[in-house]
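Heads up, the thing below is written out as structure tokens.
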Amino acid sequence: LTISMASGADLGPDVITQKDLVALTQLQDAEWYAGQVAHDAAREIQRRIQHGASVEAGTLTFEALRKMARTKREKIG
């Protein structure tokens, strides 16, 4: 998906086409869906930890407060 961007060299008025708007809605839908899937995955990991699962040692860790997988370097607090 691409959204066309008018440049200063274009002749005529800048027009946002229906194709541009359709592409945008498709991207917004994909972003929403990806967010939901990530939220569900984080909730499942948090549930597993609460029921006794351990987090395998490595470069990533699960930050329960933010419900996010993070590199250990990025961990805040």
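Computed from a prediction, not measured in an experiment: that's the story for all the values here.
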Practice problem: Kindly say whether V37 contributes a backbone atom to a donor-acceptor pair with the side chain of D40 at under 3.5 angstrom? | Solution: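 No, the answer is negative, given that no donor and acceptor are paired below the 3.5 Å cut-off.
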
Quiz prompt | Flag, side chain of K67 to backbone of A41, donor-acceptor distance under 3.5 Å | solution =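 No.
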
Distance (rounded to the nearest 0.5 Å) between [X] [atom1] and [Y] [atom2]:
{"X": "R47", "Y": "I45", "atom1": "CZ", "atom2": "CD1", "value": "11.0 Å"}
{"X": "R48", "Y": "Q46", "atom1": "CZ", "atom2": "CD", "value": "12.5 Å"}
{"X": "T25", "Y": "L21", "atom1": "OG1", "atom2": "CG", "value": "7.5 Å"}

Exercise. Could you tell me whether E44 atom CD has more than 12 heavy atoms of other residues or ligands within 6.0 Å of it?
Key: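 It does: E44 CD has more than 12 such atoms within range.
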
Quiz item: Counting only heavy atoms not in Q36, do more than 12 fall under 6.0 Å of its CD?
Solution: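 More than 12 within 6.0 Å, yes.
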
Practice problem: Measure across K72 and L60 and return the closest heavy-atom pair with its distance rounded to 0.1 Å. | Solution: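 Shortest heavy-atom contact: CE-O, 4.2 Å.
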
Self-check item: Minimum heavy-atom distance R70-M68, with the two atoms named
Solution: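 Looks like NH1-CE, 3.4 Å.
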
